[in-house]
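Nothing fancy with the numbering, it's 1 onward along the sequence. Bear in mind the structure is a predicted one, so any value in this text is a computation, not a measurement.
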Amino acid sequence: MGLMRLLARIWEAITSITRPPNAATLFRRADLYRQEGRFEEAAELVAQGLRLQPNNGVGHLLSAYLHLAFRQIGPAKAEFQTVLGVDPYHPRALLGLARIALEERDLAACRPFLDKALQYYPDFPEARALQEMVAGWADVAVPAGQRPAYAGPPLAAERLKPPAAGREFVLTQADGTLVFSQQGDKDAEDLAAHVTQVYRIAAATLARAGLGALRRGIVQATTETTFFRSNDRLILALTFPQDVKIGFGLLETDKMWTNSLRELGVRA
């Protein structure tokens, strides 16, 4: 914990003894907890603050962020819309709805949120970056069943079996075309499209920062951890429970990547 954050926590503890916390104090404390990953405690503080000030835009924005942390997309949307009811041009609420629309591969809904945010806040770097990312992503919005079928060599499922703890193993081409999935059902194409989208966002972020191409990545969520491997043509994702050891996850993902390239006859 940083020195300033520690001092802030000590000061809040002292002042809370002498007077009940007001909504602003509760929201500040909730945001600290959110940044520390203490989502349940943060949510309780936000709820307390909103009971004191039901129309507080900061409180509803924090509530939206916490719903996203718990993958509660519907409630997160509602909270972002509540913020816009208070301030129709709130940049963070517009960006939040744009990101949800992008995750749902609804580019028609995503772009207007970004355009509106940048209309009133042209120097908003996150909205500008996301707008540039999605500019040429028409294939992201193609529904499952209408995407091109994989036309390469078949892969033997028995030789691409993930470790026992692994789940949602998927291999796609860079355009989102499904090559192979552990699931092997109708949800596999949606999973492939989601993996491709996450990869593109991460790759574009690295490119904007001048850090080169994305070849390995780790995405940690509240319930799972996903590992990525990629080259210019293929993307592999393998998901484990959240408490997986990072070294183990990297090792198993590398094994699946090597086996997949061997099956396809592609050099590593």
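V195 has its side chain out of reach of E168: every pair of non-hydrogen atoms, C-beta onward, lies at least 4.5 Å apart. You'll find the side chain of K77 reaches within 4.5 Å of the side chain of I73, heavy atoms only. Inter-residue side-chain proximity for L62 and L45 is flagged as unmet; no heavy-atom pair is nearer than 4.5 Å. In this structure the side chain of L97 reaches within 4.5 angstrom of the side chain of Q81, judged on heavy atoms. Two residues are said to be in side-chain contact when any heavy atoms from C-beta on lie closer than 4.5 Å; L52 and F27 fail this criterion. Contact annotation: the side chain of E44 approaches that of Q48 to within less than 4.5 Å [non-hydrogen atoms, C-beta and beyond]. Inter-residue side-chain proximity for F180 and S260 is flagged as unmet; no heavy-atom pair is nearer than 4.5 Å. Considering only heavy atoms from C-beta on, F124 comes within 4.5 Å of L95 through its side chain.
Ion pairing of D232 with R215 is present here, as a side-chain N (NZ or NE/NH1/NH2) and a carboxylate O approach within less than 4.0 Å. One finds no salt bridge joining D31 and R28 here, because no Lys/Arg side-chain nitrogen approaches an Asp/Glu carboxylate oxygen to under 4.0 Å. Using a cutoff of 4.0 Å between basic side-chain nitrogens and carboxylate oxygens, K161 and E252 are not scored as salt-bridged.
Taken from CG in D106 to CZ in F113, the straight-line distance is 9.0 Å, to the nearest 0.5 Å. Distance check, rounded to the nearest 0.5 Å: CG of L130 to CZ of R111 gives 10.5 Å. Atom CG of L171 is separated from atom OG1 of T177 by 11.0 Å, given to the nearest 0.5 angstrom.
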Self-check item: Audit row: F169, L236, side-chain contact (heavy atoms from CB on, under 4.5 Å) steps and yes/no
Solution: CA-CA 8 Å; F169 166 59; L236 181 150; 3.4 Å; yes

Self-check item: Worked verdict on Q220 versus I246 for side-chain contact (heavy atoms from CB on, under 4.5 Å)
Solution: CA-CA 10 Å; Q220 291 183 294; I246 296 301; 3.9 Å; yes

Self-check item: K255 and T258: CA distance, side-chain angles, deciding distance, side-chain contact (heavy atoms from CB on, under 4.5 Å) verdict
Solution: CA-CA 5 Å; K255 287 180 182 177; T258 300; 5.9 Å; no

Exercise. Starting from the C-alpha separation in whole Å, work towards a yes-or-no answer on side-chain contact (heavy atoms from CB on, under 4.5 Å) for E224 and R167.
Key: CA-CA 10 Å; E224 61 188 22; R167 58 177 185 266; 3.6 Å; yes

Practice problem: Show your reasoning for whether salt bridge (Lys or Arg N to Asp or Glu O under 4.0 Å) applies to R233 and D175. | Solution: CA-CA 8 Å; R233 291 183 292 169; D175 63 357; over 6 Å; no

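Distance alone, capped at 3.5 Å, places no donor-acceptor pair between the R216 side chain and the L250 backbone.
Under the 4.5 Å side-chain heavy-atom criterion for grouping Ile, Leu, Val, Met, Phe, Trp and Tyr, I100 is not connected to L102 through any hydrophobic cluster. A continuous path of hydrophobic side-chain contacts links L264 to M256 [ILVMFWY only; heavy atoms under 4.5 Å]. Under the 4.5 Å side-chain heavy-atom criterion for grouping Ile, Leu, Val, Met, Phe, Trp and Tyr, L94 is not connected to I201 through any hydrophobic cluster. F70 is connected to L50 through a chain of hydrophobic side-chain contacts under 4.5 Å among Ile, Leu, Val, Met, Phe, Trp and Tyr, so both are in one cluster. L32 and V58 sit in two unconnected hydrophobic clusters of ILVMFWY residues. Membership requires side-chain heavy atoms under 4.5 Å apart, directly or through other members.
Across all non-hydrogen atoms, the minimal contact from V46 to A30 is CG2-CB, 3.6 Å. Listed here is the closest heavy atom pair of A192 and T172: CB-CG2, 3.4 Å. Smallest separation of non-hydrogen atoms from Y33 and A42: CB-CB, 3.8 Å. Taking each heavy atom of L114 and A127 in turn, the nearest pair found is CD2-O, 4.0 Å. In terms of heavy-atom proximity, I235 sits nearest to A174 at CD1-CA, 4.1 Å. Shortest non-hydrogen contact noted between H60 and P54 is NE2-O, 2.6 Å.
Judged as a ring pair (Phe, Tyr, Trp, His ring centres under 6.0 Å), the pairs with a partner in residues 200-233 (not counting sequence neighbours) are, in order, F227-F240. Listed by first then second residue, pairs satisfying side-chain hydrogen bond (donor to acceptor under 3.5 Å, both in side chains) with a partner in residues 239-249 read T226-T239, not counting sequence neighbours. For the salt bridge (charged side-chain N to carboxylate O under 4.0 Å, His left out) condition, the pairs that include at least one residue of residues 89-99, sequence neighbours left out, are R92-E126, R99-E126.
For Q131 and D115, the side-chain atoms include at least one donor-acceptor pair closer than 3.5 Å.
Taking the six-membered ring where tryptophan is involved, the planes of Y120 and Y89 are tilted, since the angle between them lies from 30° to 60°.
Atom NE2 of H194 has 12 or fewer neighbouring heavy atoms from other residues, nucleotides or ligands inside a 6.0 Å radius.
When L251, T253, L238 are each tested for a side chain to side chain contact (heavy atoms under 4.5 Å, CB included) with P163, only one passes: L238.
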